[in-house]
Structures are given as structure tokens and as C-alpha cells.
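One structure is given here, and the rest of the page talks about it.
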Amino acid sequence: MSHALTAKLNPQQAAAVELPAEHALILAGAGSGKTSVLTTRIAWLLSTGQISPSGLLAVTFTNKSAKEMLSRITAMLPLNPRGLWVGTFHGLCNRMLRLHHRDAGLPEAFAILDQSEQLGAIKRVLKFLGLDDDKYPPRAVQNYINGHKENGRRAGDVDAFDDYSRQLRLAYEEYEKQCNREGVADFSELLLRCYELLSHKPEIRQHYQQRFAHVLVDEFQDTNRLQYAWLKLLAGNNSAIFAVGDDDQSIYAFRGANVGNMVDFQTDFAVKHVIRLEQNYRSHGNILDAANAVISHNTQRLGKELWTQASAGEPIRVFEGASDFEEAQFIVEEAQTLIRDGMASSEIAILYRSNAQSRIIEHALFSAGVPYRVYGGLRFFERQEIKHALAYLRLIANPSDDNAFLRVVNFPTRGIGLKSVEAIVDRARLEGCSLWQAACAGASGRGAAALAKFVHMIEAMRNQADGLAMTDIVTMMLDLSGLLTHYQNDKEGEERVANLEELINAAATFISEDENNLIAFLSHASLEAGDHQAGAHEDALQLMTVHAAKGLEFHAVFLSGLEEGLFPHENSANDRLGLEEERRLMYVAITRARQRLYLSLAQSRMLHGQTRYGVASRFLDEIPQELLKYLNRGYAPSSYSSAAYVPPVASPKKTTPEHGLSIGMKVEHPKFGIGIVTDHEGGATGNVQVNFAQFGSKWLAVAYAKLKPV
DNA sequence: TCAAAACTGATTTTT
DNA sequence: TCAGTTTTGA
């Protein structure tokens, strides 16, 4: 049996799959068959009878990979996926919290706040505390709260040393109180609550520790401190943790991921088995050589080098456009050629560092009539009309959900204006009750009748929902709330009506795969915001950020905007950790390509309404030149000297003929080397801004800088 | 209550 | 530049 499972694996992969029940770290390079190893390991453990399906827990970051894992396992073994504890960190924590909601101190129907709902809740807290929006931006407070939660700290555990930090802590404290009062949990709360549940309740902890003999973790390099601490609690003396990850693909430090967990894991658990998967099954040799060369410039590595049996393949093509427009033009024409030669459009990806870059490429694609698809837009459950509908459903499940109450109390408009709402808020605060309770107590003044009608309507929904099937609840809610009518009467509401109907479908399919349960449906809606865009699988060019491309692969990849300041991004290029993360991002980008890789850059680019003049990315220099083929002019890295580089016509207002410098001009500085003039102020006696290849952007005094045009 | 006007700020993002 | 938000005014 085991032989059949591992027959298709290479020796390292097979060794990983058949490791004894002890802690193990699998360093799996890009394209090395990581998911295969993880799922085959699970199948092997089950089919050799070492564990029963209930004895393992496998955790991932995204619903997509959780689903992928489940479907691969069930393809290998006849299993009921429902009984398996395979899911995302948040999904599994939610599952545990629902089972033990009493011990966790949560109401049975606790709602899950997504990012934007959390922000709304924080805004309310700040308003209540009378904290100034300018001094305490809600976004910053949100980061502050989530940051502390992700390090396992409650408001009471946070240090405050001055007035400002004391106010922040107060906001955190008040936010905690508000969430508890309303019976809601944000994303990081799911993890923290679950962590606290396991640490405070020994019986529960021991139950799960004994139950889960094998804990398997995917994308281990992306775990944050709290997730690691949770794993540590979950794994008892008899459990084995099987962690798979790639430190070179750690690109989420900015949102709390801690690569250090990989090193800590080895020491904390005295890991005996470290296996490297270095054989790559995805890319041609030149592409891998480029990736290896780039990543070797990082110092903080566990060490790994990809190799392949495939041939070197084609050289990596480099194109330098005079402008972002020209760059986009090139990409589109080249992609059309590939398609004409028989490559499927969906096998071609155009990647960029930041979303703002997609516009001009989209424009060029649109003009050329090439179908494309951009990842990263609004998702189904994030749409306005769906949010409204879900808010009604949440009031049915739990009327003290103030977020939901505020969202729909006057939507569709029913004459409960700002004043009436404020009166309810004041009253609730005074009585220490929920908005719903305050509303039930009735209002005085003009809004009273309208409010009574609203209360009556919600009560009717709650009464009718009892015992109904999920689809019928949704239909009834859409009818009673007037949401559907409202959008039907809106001349631009066609798509929204269609989406609401799609929500009914979602409820229907949900029933078939889970129990008929409003609470479960609402959790599902919060934890799985749905596909990134409609038409996900049509044959179209794929446009996305490098981050979004992680885990995907394509026949041909265009990596655009390889300029200093963009990639590496200027906000990250200044400290070493930031730069190393940018470099890992570059590594991820390169390793997406199977056969063909294009690297492109633009000498000038429109950014924030201004033309910026860039210098080639240092990452281009880090690729061995023999792997590259320059497609146009005599481009040479970080030096435009060999080419007839004609600076784009500078606007007359911005030229400074006195010293012969102009925007877009290439200059040399005795200390900083080669750079491009990007801005100036104050004429001949003033300053110029120069973007240097090695030292980044600097302001220099024209009179002293000794800038020589090159 | 709504629409126009003014203002702001701008990597990367899943759950 | 441009989209998203907040303020203003009818």
C-alpha cells in the first residue's frame, strides 16, 4: 500500500512521507512537490493504519489550499471529508470555539467580523472615547490591536509609557469590551480566543492533544507568533508536528508572519528530521539559475538550492521601454505572439509589484482586444448588497450585533435618520445595553413610528426564521427587509439583484454540504469571502500582483516594473529585512514561470499623477548576465551608456538650462555614482533630486553636488 | 437625503 | 492620476 502511494515520489519526497511519528521540518522549495508530499503523508498515515481520520489535524492559510488538500486526500482514499480536521487556522479555531463556546466565553451565535467590519467597530469605539481621528487614525488603531492580538497580548498585557500609548491601550480595552458585549469576534480574536481556551482549560487541551497524534502544517513560514503558540499547545507529548515550508518564499512579514518560527520550531521541539526538497519539477534551468542567483544575495536563510533535470531552456528575455506605455505595449504584443503560436492565454501571467501598475497594462490589453482577468477585486461576500443581506441574517441570529444593526437600521431608507440613530446609541450607552434592546424600548419624537416598524420587522423575521431551511430564510429576509425591492427599483441595481439571487443559491448549496444552520452559514460567509472575481476559469491572460501569484505557475510569465523604488519598493528598500523580503518576492515571481520568463522595465512611469524616472532594479543585476537576452537597444544593467538613451522631452517649466540639468537626465556623482534626475526646486541655486542606482533617491544642492551629465 | 465638491493619500493581504 | 471618503449645500 505504502509502496503504491510513494511510487511516484523522488527519494527525498518519499522519505518525508514515510517519516516516523516524530516532529519534522520539510524545507520545500518552489515547485518541489510540497502539496504532494503533505497529502501523500496524510494518505500514508491513514492507509497504513497508523491513525484514524479523527486523529489528525492539517492546517493551511487559505481556503483554496485547504480544499485542494481535501480533494487530493479523498482522491487517494475513500473518506468522508466532513470528519477530517483539515482547514485554515481561522476555520479550525472557529470550529473549536463553536464546540466549546461556553468555555470560551462566547455566545453560541457569535458573529465573525471581517477586516472592514472590525474597522467600523473600532471607529465606534474611538467616537465613544472621544479620540481624535487625526491623532488616532482608525487604521492605525486596528493595526495596533491586531498586532498585539497576534502576539498573544490582551489590552491588560500591553505596556503603555506615555499618554499616547495609554490612549491606544484604552481604545484596545474598550474595543474588547464592546466585542464581548455584542458577541462578536474579529479574525485575530478567533485565534487568540482558541489559544486561551486551550491554555486555560486543561481538560479540553488534553482532549485535543491526545486526539491529534499528527499535526500537519502547510506554508509554515507564514505563521505568526500566535499561530505557532497555538500549534505548540495543540501538540501534546504524543503528537508529531509535520511542518512544511520555504523560508525563501516568506513574503508576509508585513502582516505578522514570523519566519523565525522555523528556527524556533527546530529548537523548541528538538526536531530530528529536517528534509530538503530541492528538485524542481516546474521550471527550465535558466529560470531556476536566475532564481537561485537572486536569492543567494540574502543572508537570512536556512539554505537550499533548487535544481532540475529539465534542460536550460530559453534565455530570460529583458525589455526596457522608454515609458510605462511602451512597456505595456511590448507585453501585449509579445503575449499576442505567444497566443498566436498556440499558448493558452490562461497560461500567461503578467505580474507586478503593486496594483497601481495594472491600469496601464489593462488599458493596452483592452485596446488590443485581448481578454484578460485581474485578480484581487471585490469578492462575492464583500459586495455592498451582500453585506446588507448578511447583516439582516446576523440580526436574526443575534440581535445584539450592533454592527449589523447600524448597517441596516436605515437601509433601505425607512425614515430613521442620523438623529434617531444617535438617540438609540445614547440610550444604549446609558443603559449599558445593545442597540437592539434600546430600540425595542422605543423612541420618542418623529422617528418613533419608523423605529417601531423596524423592530417589528426584525422580530417578524426572527419568528419566521425558526425552523425554516437556509434558502427559505434568505428568501424571506430579502422579501421582508425590502432589500430586493429596493434594488429592483434601482435602475442600476440589476447586477445587485443578480448577486442577491446568487446568495440564495449559495445558501442552497451550503445546505447540501453542511447542516442546515444559519450560524454555520454566516461563519462560512465571513471566513470565505468567495472567489476573487466572476469568470475565474475562462481562457484569459492572468494579471495579478506577485503576492497573489504565490503558489501558482504559468508557461510564460511577464514580470513588469523592474525599477528601483518599485521593485524593490522604496518603502522596503531601506532596511535590510525589508530588502530581503523584496528579494524573496522576486524569487517567488521568477519561480512562477515554467518555460518563458520576461523581465521588463520602463525608463519613465506615471505614478501618483507625476512622471517618475526610474533606474533598473538591482535585482536585474543580481541575475547572471549570460542567462539574459536583451530584446531592445543596447541595454546594459544599471547603465544606459551603451544605448542611445534619449530622455523623454522634459516640460519646459521643469528644465534648468543654467547648469544643463533636466529631468530624466542621467548624471554621475563622485560619491553616489550613476543616477537619474527626477525633480528640482529653486533653479540654479536650488536643489535637484537624483535617483541613484546604488543609493536610492537623494536631494542635492546643485551648486555643490558636482553632477556631471553622462 | 442626496449629490456635488472638496479633500486625501497612495506597497504587498488572507482570514 | 484617481479612487475613495468626507464635507457641504440645496
Expressed as a whole number of angstroms, how long is the span from A:F187:CZ to B:dT13:P?
16 Å
Secondary-structure string, 5' to 3', Watson-Crick or G-U under 3.5 Å, | for another-strand partners, for DNA chain B
||||||||||.....
State which of [options] makes the closest approach to the side chain of [X].
X	options	value
A:N355	B:dT13, C:dT6, B:dC2	B:dT13
A:R359	C:dA3, B:dC2, B:dT14	C:dA3
A:T545	B:dT15, B:dT12, B:dT11	B:dT12

For this output row, return yes or no: ring centroids of A:H388 and A:Y487 closer than 6.0 angstrom.
no
Distance test, side-chain N/O of A:R379 to OP1/OP2 of B:dT15, below 4.0 Å
yes
So, is A:N410 near the phosphate of B:dT1, with a side-chain N or O under 4.0 Å from OP1 or OP2?
yes
Taking the chi torsion of B:dT8, is it syn (within 90° of 0) or anti (everything else)?
anti
Considering only heavy atoms and no angle criterion, is a donor-acceptor pair shorter than 3.5 Å present between the side chain of A:S572 and the base of B:dT11?
yes
Does B:dT12 have A:F254 stacked on its base, where the ring centres are within less than 5.5 Å and the planes differ by under 30°?
yes
If you look at every strand shown and take non-hydrogen atoms under 4.0 Å, does A:N63 touch a base, only sugar-phosphate, or nothing?
sugar-phosphate
May I ask you to say what A:Q115 touches in the nucleic acid, namely base, sugar-phosphate or nothing, with a heavy-atom cut-off under 4.0 Å?
base
Over 60° means perpendicular and under 30° means parallel, so tell me whether A:F558 and A:Y598 are parallel, tilted or perpendicular.
parallel
Residue pairs passing the side chain to side chain donor-acceptor pair (under 3.5 Å) test with at least one member in residues 567-577 of chain A, sequence neighbours excluded, are A:Q300-A:R576, A:E570-A:R612, A:S572-A:E582
